[in-house]
2 protein chains.
Amino acid sequence: MSARALPYRPHNHDDCVSQALAEARAICQEQHARLTPTRERVLELIWESHKPLGAYDVLAKLASEGHSAAPPTVYRALDFLQQYGLVHRIASLNAFIGCAHAGEHHTGMFLICRSCGNALELTDTTVSKAIHEAAGAEAFVTEAITLEIAGLCPSCQGEQPNG
Amino acid sequence: MSARALPYRPHNHDDCVSQALAEARAICQEQHARLTPTRERVLELIWESHKPLGAYDVLAKLASEGHSAAPPTVYRALDFLQQYGLVHRIASLNAFIGCAHAGEHHTGMFLICRSCGNALELTDTTVSKAIHEAAGAEAFVTEAITLEIAGLCPSCQGEQPNG
DNA sequence: CTGCGGATGTTATAATGTTACAAATTCTGC
DNA sequence: GCAGAATTTGTAACATTATAACATCCGCAG
Ligand SMILES: [Zn+2]
Ligand SMILES: [Zn+2]
Ligand SMILES: [Zn+2]
Ligand SMILES: [Zn+2]
């Protein structure tokens with residue numbers, strides 16, 4: 001598995017998509033989960049870019065391609081994809097993004113550019129270890145971590161320092 | 001300024017409230033910001049417990065005490081309070097909680113118990129340093145950090161390990 | 001008094017997410 | 001293949017969270 005492209009750098013994004021879909025198929029097969037056409041299409045739409053996409057944006061794209069769809073269709077697909085670690089929900093944006101480390105049992109940390117909207121998923125053991133230790137020091141049992149960093153990506157610095 | 005009580009331990013919570021209000025008044029005076037009755041009352045309601053409170057919960061409490069109020073009233077007060085660092089928004093819960101470190105220029109990290117609902121705000125320099133370094137390694141300019149840990153607080157462990 | 005700016009009131013609406021139940025599809029044991 | 005069970009999908013209504021737009025009030029400077 002090659003290194004991931006940085007979202008805010010020009011890159012052949014079709015590779016991102018096909019790699020994500022291939023991994024998804026493999027993971028679902030291994031886990032005996034059914035990556036149905038709707039679920040796969042939703043995953044593909046989420047991967048259309050590296051910008052987190054709202055559920056209703058996905059819904060609109062589905063509708064625009066003739067797929068009769070209502071909110072539960074999308075939310076169910078997204079729930080499924082989250083369950084198998086194929087997408088993440090970005091709580092601070094009410095939006096969803098494809099997981100860049102599917103199947104790797106990781107704690108995602110997202111760098112979200114407020115200018116271009118792209119999000120980069122990182123895993124950093126120093127960070128997650130520090131978090132677990134801080135929580136452990138309070139005798140708290142960690143189950144889920146939401147870590148989202150808003151700011152400016154390298155490409156957007158200098159251009160518009162302010163909104 | 002004494003150490004804060006742990007939210008999930010029995011404590012004299014009136015002290016939490018009065019300390020928070022006193023700090024808020026001091027901060028607003030210093031910053032030439034107007035802590036109007038509505039804003040102060042909203043802050044007080046947020047501080048009614050250590051559980052994050054939804055905007056519409058605040059609204060209901062205001063209404064129940066005769067204060068004619070609509071959503072914008074609450075959201076405006078919450079915006080103001082956030083702006084002056086007196087409350088935090090918990091993105092993963094769509095809820096708000098009083099800041100335990102008002103005026104201290106900090107990055108809050110929240111331990112949120114899924115059983116009792118209480119949230120503890122920590123500041124941990126090891127964690128924030130690790131986060132800033134990880135973001136810096138990607139040449140990302142950090143502006144805001146959302147860090148919310150869901151799990152079980154000490155008081156709730158053992159009782160109901162599952163939902 | 002008068003005008004100005006911040007704060008609030010009021011109504012309506014947008015955006016996000018869920019419940020409930022019916023219909024269709026897929027799987028399983030035979 | 002076929003009956004029944006389980007999963008998935010369709011559909012309509014609804015719940016929750018948040019904002020837009022505009023009128024009004026209030027404290028204060030001139
Ligand atoms: Zn890409
Ligand atoms: Zn991931
Ligand atoms: Zn308390
Ligand atoms: Zn705080």
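Lettering follows sequence order; numbering is per chain, from 1. Model, not experiment: these values are computed from the prediction. FYI, side chains are in, hydrogens and waters are out, and symmetry mates aren't considered; it's all heavy atoms of this structure.
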S.K.: Counting just side-chain N and O atoms, does B:Arg76 come under 4.0 Å of either OP1 or OP2 of C:dG6?
M.R.: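 No, outside the criterion.
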S.K.: Relative to each other, are the rings of A:Phe80 and A:Tyr84 parallel, tilted or perpendicular (30° and 60° limits)?
M.R.: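 Correct class here is tilted.
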S.K.: Name the closest nucleotide to the A:Ala55 side chain, picking from C:dT8, C:dG17, C:dT19.
M.R.: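 The listed nucleotide nearest to A:Ala55's side chain is C:dG17.
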S.K.: Select from A:Leu93 and A:Pro72 the residue whose nearest nucleotide in DNA chain C is closer to the 5' end of that strand.
M.R.: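 The residue whose closest nucleotide sits nearer the 5' end is A:Leu93.
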S.K.: From B:Ile112 CD1 over to B:Glu121 CD, what is the distance, rounded to the nearest 0.5 angstrom?
M.R.: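 Answer for the CD1-CD pair, B:Ile112 versus B:Glu121, is 10.5 Å.
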S.K.: Can a side chain N or O of B:Arg89 be found less than 4.0 Å away from OP1 or OP2 on D:dA18?
M.R.: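 For D:dA18, OP1/OP2 do have a side-chain N/O of B:Arg89 under 4.0 Å.
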S.K.: Given D:dA18, C:dA7, C:dT10, which nucleotide is nearest the side-chain atoms of B:Arg34?
M.R.: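 Of all the options, the side chain of B:Arg34 is nearest to C:dA7.
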S.K.: Apply side-chain contact (heavy atoms from CB on, under 4.5 Å) to the pair B:Cys16 and B:His50, showing each step before the final yes or no.
M.R.: CA-CA 9 Å; B:Cys16 297; B:His50 293 275; 3.6 Å; yes
S.K.: For D:dA15, does the base pair up with any side-chain atom of B:Tyr56 as donor and acceptor (N or O, under 3.5 Å, distance only)?
M.R.: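 Donor-acceptor pair under 3.5 Å: no.
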S.K.: Taking only the side-chain nitrogens and oxygens of B:Thr73, find out if one of them lies under 4.0 Å from OP1 or OP2 of C:dG9.
M.R.: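 Yes, because at least one side-chain N or O of B:Thr73 sits under 4.0 Å from OP1 or OP2 of C:dG9.
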S.K.: Is any side-chain nitrogen or oxygen of B:Ser68 closer than 4.0 Å to OP1 or OP2 of C:dT10?
M.R.: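 Yes, because at least one side-chain N or O of B:Ser68 sits under 4.0 Å from OP1 or OP2 of C:dT10.
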S.K.: In whole Å, what is the span from the CG atom of A:Leu62 to the P atom of D:dT9?
M.R.: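 After rounding, the gap between these two atoms is 12 Å.
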S.K.: For DNA chain D, whose closest nucleotide is more 5', that of A:Phe80 or that of B:Gly54?
M.R.: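 Comparing both residues, the 5'-ward one is A:Phe80.
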S.K.: So, OP1 or OP2 of D:dT8: does either fall under 4.0 Å of a side-chain N or O from A:Thr36?
M.R.: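 Result: no.
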S.K.: A:Tyr56 and A:Trp47: same hydrophobic cluster, using ILVMFWY side-chain contacts below 4.5 Å?
M.R.: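 Both belong to a single hydrophobic cluster.
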S.K.: Whether A:Arg39 contacts D:dT9 is assessed here as follows: a side-chain N or O lying under 4.0 Å from the phosphate OP1 or OP2. Is that the case?
M.R.: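 Result: yes.
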S.K.: Side-chain N or O of A:Asn94 less than 4.0 angstrom from OP1 or OP2 on C:dG17?
M.R.: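 Answer is yes, contact under 4.0 Å.
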